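Below: the structure, in structure tokens.
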Amino acid sequence: MSNSITTVNPATGATLKSYDLMDAGKAKEIIDASHRAFLDWRLKPLDERAKLIKALGKTLAEHKDEIVELMVDEMGKTPSSAADEVDLCTGICDYTAEHGPTKLADEQRKPGNGESGFITYSPMGVIYGIQPWNFPAYQVVRYAVANLMAGNTVLLKHAECVTGSGLLLEKLFRQAGLPENVFRVLVIDHDTSNEVIAHPHVRGVTLTGSDTAGRKVAAKAAEHLKKTVLELGSNDAYLVLDDADLEVAVDTCVTGRLYNAGQTCVAAKRFIVTEKNFEAFRSRFVEKMKTMQTGDPRAKDTDFGPMAREDLRDTLHEQVEESVKKGAKILCGGEKPSGKGAFYPVTVLDEVKPGQPAYDDELFGPVAALIRAKDDEDAMRIANDSRYGLGGGIISTDVKRASELASKHFDTGMVFINGFGVATPEMPFGGVKDSGYGREHGGFGMHEFVNAKSVIVVSS
């Protein structure tokens, strides 16, 4: 087994940098240091924590260009997409700093019988985050800032291919004024990661990744009675209903499928279109998808860059081939390029049915699955015919009815109506079924790893 990690530019195949893996002993030293930092950090007043979180947002904004350049190099984002990601991170810091002191404040209660009491949200300790590569800054900031605001300290195991981004964030957290060891990066392998989960000082584990990875991490954490938050994959359905505006539908669905080269857990992936609109939508959707260009992420005419790694591209292509073998039809794309880089063309699959990867699984790249529905009711049935439940979308001119479908019938954690979105600090983010459990954003993440402690004063 290699004792180092080497990062690679997915657009060129060029080696970027190598990093030595930490052994279990070094990881334990960092965990212990994080625990010692927690003993002080947990006692910092909420307003003081908030000021440091606010300062972190400012520091991220000041180093935006540096963060963007590294993300483009390590995972192939376009600079504009990377810049949007940094802006979102700054927004998360600002929201958390503004609302954290209120969300985490003690709550007074009257238990009865002349007693008085309050609920206090006590931090738990060291929280361990295992994060993916698709949003190298956002995935980290999303869980880390909420937990730091709550008074926990944070460890990060980032995806190997974005190791540099994780270490840069560690440097910027310190530069913003956060105390030493409240946020640390572990450059470790999976075996050492399991030892981290088992460590007594680690009180909670949060993972963003595939449902396969989620099962493994949740099982290991459960073995040691550690709470987990899992934000896993999905094959989000976007419904084009009978009364949809087709221009809105096509624009939304193209954007939703190709954002971040399709490598987004909450991306639009299955497009369920009613019989009334199917032929017209298919024609216009394919026509627009064909105009979208992949290439050098820094080139002005590039709509999206490469996938993050060649093995991920190869897996996606295998899913496309398997879907075709089982009856799907390729309307555009579908051929794996030769040459350097982890590129994959815009691909649209028609006649997608149950039993095909394009219907049942998550296709994490620029591949769209078209599914024909009889009517609106059938479209909703097909959307929910999935083991996943992270996000989804509804395109309809009747916003009131679409909102009712979203709230009462769509079995997902998030629903977008007449548009595509990824995340916003104000609204909870997370899923159901095989898409995981727990919530981040909107104040919910600050309560995931705290002890809601009852303090009751009995009258004498």
Side-chain angles (χ1 to χ4, degrees), residues 37-38 40-64 67-68 82-109 118-125 127 129 131 135-154 156 168-179 182-183 204 206 208 229 231 266 391 413-414 416 419 421-430 438-453:
F38 164 71
D40 290 330
W41 179 247
R42 67 190 173 127
L43 300 177
K44 297 285 186 187
L46 288 167
D47 287 345
E48 188 173 330
R49 290 182 219 155
K51 286 177 183 177
L52 288 167
I53 296 298
K54 181 77 173 178
L56 173 61
K58 185 174 183 227
T59 299
L60 294 174
E62 290 170 348
H63 291 266
K64 182 175 179 178
I67 302 168
V68 165
D84 289 345
E85 182 174 339
V86 178
D87 290 343
L88 176 56
C89 292
T90 299
I92 291 167
C93 292
D94 291 345
Y95 177 88
T96 305
E98 180 181 355
H99 297 279
T102 301
K103 297 283 186 183
L104 293 164
D106 290 350
E107 296 179 22
Q108 299 297 319
R109 297 287 174 94
F118 63 95
I119 299 166
T120 189
Y121 295 104
S122 297
M124 294 173 63
I127 305 302
Q131 299 301 319
F135 291 91
Y138 163 69
Q139 301 284 17
V140 177
V141 169
R142 182 173 72 192
Y143 87 95
V145 165
N147 280 293
L148 291 171
M149 184 66 235
N152 297 314
T153 54
V154 173
L156 165 67
L168 174 59
L169 288 171
E170 182 181 54
K171 183 180 82 170
L172 295 177
F173 273 56
R174 286 287 290 122
Q175 192 167 319
L178 287 154
V182 301
F183 176 83
T206 178
T208 300
V229 167
E231 194 277 282
V266 74
M414 297 169 281
F416 299 94
V422 179
T424 176
E426 298 81 9
M427 299 293 283
F429 188 100
R439 290 293 180 270
E440 296 168 308
H441 293 326
F444 291 86
M446 288 182 260
H447 283 166
E448 286 289 354
F449 292 104
V450 293
N451 172 15
K453 186 188 299 181

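None of the values given here were measured: they were computed from a predicted structure. The analysis underlying the following values was restricted to heavy atoms, covering all of them including side chains, and did not include hydrogens, waters or symmetry mates.
Between the side chain of Glu85 and the backbone N or O of Ala137 there is at least one donor-acceptor pair closer than 3.5 Å. With His447 contributing its side chain and Tyr121 its backbone, the two residues share no donor-acceptor pair below 3.5 Å. A donor-acceptor pair under 3.5 Å is formed between the side chain of Asn152 and the backbone N or O of Phe449. Using modelled atom types, one side-chain atom of Arg49 and one backbone atom of Arg42 make a donor-acceptor pair closer than 3.5 Å. Here the side chain of Trp41 pairs no donor or acceptor atom with the backbone of Pro179 at under 3.5 angstrom. Listed for the Asn451 side chain is no donor-acceptor partner under 3.5 Å among the backbone atoms of Ser122. Glu440 contributes no side-chain N or O that, together with a main-chain N or O of Gly430, makes up a donor-acceptor pair within less than 3.5 Å.
Annotation: side chain of Arg142 is in contact with side chain of Thr208 (closest heavy-atom distance under 4.5 Å). Two residues are said to be in side-chain contact when any heavy atoms from C-beta on lie closer than 4.5 Å; Lys453 and Ile119 fail this criterion. Counting heavy atoms from C-beta outward, Val154 and Tyr143 have side chains that approach closer than 4.5 Å. The shortest side-chain heavy-atom distance between Met414 and Pro428 does not fall under the 4.5 Å cut-off.
The two residues Gly421 and Val266 come nearest to each other via the heavy atoms O-CG1, 4.1 Å. Closest approach of Cys93 to Val141, counting heavy atoms only: SG-CG1, 4.4 Å. Shortest non-hydrogen contact noted between Asp94 and Lys54 is OD1-NZ, 3.3 Å. The two residues Pro123 and Ala150 come nearest to each other via the heavy atoms CB-O, 3.3 Å. Taking both residues in full, the closest heavy atoms of Leu88 and Pro425 are given as CD1-CD, 3.9 Å, listed atom of the first, atom of the second, then distance. Listed here is the closest heavy atom pair of Leu169 and Phe183: C-CE2, 4.2 Å.
Classification of Lys58 and Glu62 as a salt-bridged pair holds, one side-chain N sitting under 4.0 Å from a carboxylate O.
Between Cys89 and the options Ile67, Leu56, Leu60, Val140, a side-chain contact (heavy atoms from CB on, under 4.5 Å) holds for only Leu60. Leu148 pairs in a side-chain contact (heavy atoms from CB on, under 4.5 Å) with only one of the listed residues (Ile127, Thr96, Ile53), which is Ile53.
Here the straight-line distance linking atom CD of Gln175 with atom CG of Leu168 works out to 9.0 Å at 0.5 Å rounding. Here OG1 of Thr424 is found 9.0 Å from CD1 of Ile92. Values are rounded to the nearest 0.5 Å.
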Apply the test side chain to side chain contact (heavy atoms under 4.5 Å, CB included) to residues Leu46 and Met149: give CA-CA distance (whole Å), side-chain angles for both, the deciding distance (0.1 Å), then the verdict. CA-CA 7 Å; Leu46 288 167; Met149 184 66 235; 3.9 Å; yes
Using side chain to side chain contact (heavy atoms under 4.5 Å, CB included), reason through Arg439 and Glu448 one step at a time and then give a plain yes or no. CA-CA 7 Å; Arg439 290 293 180 270; Glu448 286 289 354; 4.1 Å; yes
Are Lys64 and Asp87 close enough, and set up right, to give a side chain to side chain contact (heavy atoms under 4.5 Å, CB included), and what steps lead you there? CA-CA 8 Å; Lys64 182 175 179 178; Asp87 290 343; 2.8 Å; yes
Should Gln131 and Thr206 be marked as a side chain to side chain contact (heavy atoms under 4.5 Å, CB included) after you check the CA-CA gap, both sets of side-chain angles, and the distance that decides it? CA-CA 8 Å; Gln131 299 301 319; Thr206 178; 4.3 Å; yes
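The aromatic rings of Phe135 and Tyr138 sit perpendicular to each other, their planes meeting at more than 60°, with 30° as the lower class boundary.
Remark: Glu426 pairs with no residue by the salt bridge (charged side-chain N to carboxylate O under 4.0 Å, His left out) rule, at least two apart or across chains.
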